[in-house]
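For reference, the structure is listed below as structure tokens.
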Amino acid sequence: MTSSTSGTSPTPSSGTEFGGFDAQEMVIVHRAFRRELRLIGELIAAVGPGDVKRAAVLAEHFADLRSGLINHHEGEDELLWPPMLDRVGAEERKVVHRMEAEHQRVVETLDAAAALVSTWASAADTQTRDLAVAAIEEHRTVIVEHLDDEEAHLLPLAERFLTAKEFGALGEHFVMSTPKTKLFKYFGMVMEDADERERAILLGGLPAPVRLVWRALGPRLYARTIGRVRATT
């Protein structure tokens, strides 16, 4: 299929396999990023001066959030945007290019926050702590605006102009690019606020052996990990 330059979307020809999937899985993932970025700012703000042990725990968690977000966005950049740009019309192409530009702003604010969190963790001083919290809040504002935009305008296009296999490759990329020791933590974060239907969607995307391992060990391991992060004492 060739791209349309008339400003209207091309109609997939009969026999294509575009669509046939629910992009709700992406919304569930986004919810976890929104929640964790709000909480990490609150948790860092509550750390007392000189508490480097607590600062180290939160700095590690922020580093995990950063890695997860970068991984997620790199998957979109590499796997979703190129085929969509080949298929959508001129007006829809503007949406995809806007996503690309928003990703750049997300990276800039994320890197700025990460640098401050790392500096703060070494001494846990209040001045750097407050700068780090402000930087996290700036990043959170940017990322929430992007996620809202993506869910409202990009995901409906994805459901029209990507195949289920192409969309599913995003999750496969995340798994393959993530250290195995971190997978249960990320999956737990995504599952945390999911309702019964959403949990079924998420579990259904896992290979059967991984599903069994998650059900046997995952919730307990995640509770232990996230408990250290959210501890108030």
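By convention here, the first residue in the shown sequence is residue 1.
- R66 has its side chain out of reach of H139: every pair of non-hydrogen atoms, C-beta onward, lies at least 4.5 Å apart.
- The existence of a salt bridge linking R34 and D148 is confirmed by a sub-4.0 Å separation between a basic side-chain nitrogen and an acidic carboxylate oxygen.
- Between H97 and E100, the side chains place a donor N or O and an acceptor N or O closer than 3.5 Å (distance only, hydrogens not considered).
- Classification of R35 and E192 as a salt-bridged pair holds, one side-chain N sitting under 4.0 Å from a carboxylate O.
- Looking at R197 and I201, their side chains come closer than 4.5 Å, going by heavy atoms from C-beta outward.
- Contact annotation: the side chain of L43 approaches that of R54 to within less than 4.5 Å [non-hydrogen atoms, C-beta and beyond].
- Within a 6.0 Å radius of NZ in K180, other residues, nucleotides and ligands contribute more than 12 heavy atoms.
- Side-chain contact between I44 and W120 is present, with at least one heavy-atom pair separated by less than 4.5 Å.
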>> Test side-chain hydrogen bond (donor to acceptor under 3.5 Å, both in side chains) on H173 and N71; report intermediate values, then the result.
In response: CA-CA 8 Å; H173 172 275; N71 191 348; 3.2 Å; yes
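- When the side chain to side chain contact (heavy atoms under 4.5 Å, CB included) test is applied to L221, the partners found at least two apart in sequence or on another chain are F184, L217, R224.
- Looking at E198, E25, E151, E36 one by one, the single match for salt bridge (charged side-chain N to carboxylate O under 4.0 Å, His left out) with R31 turns out to be E198.
- Side chains of I143 and F33 form no contact here, defined as non-hydrogen atoms less than 4.5 Å apart.
- Salt-bridge formation is not detected for the pair E145/R105: no Lys NZ or Arg NE/NH1/NH2 atom is positioned less than 4.0 Å from an Asp or Glu carboxylate oxygen.
- Remark: R230 CZ is packed, more than 12 non-hydrogen atoms of other residues, nucleotides or ligands lying under 6.0 Å away.
- Taking a cutoff of 4.0 Å between a charged side-chain nitrogen and a carboxylate oxygen, R199 and E196 do not qualify as a salt bridge.
- Between E60 and K182 a salt bridge is recorded (basic side-chain N to carboxylate O distance below 4.0 Å).
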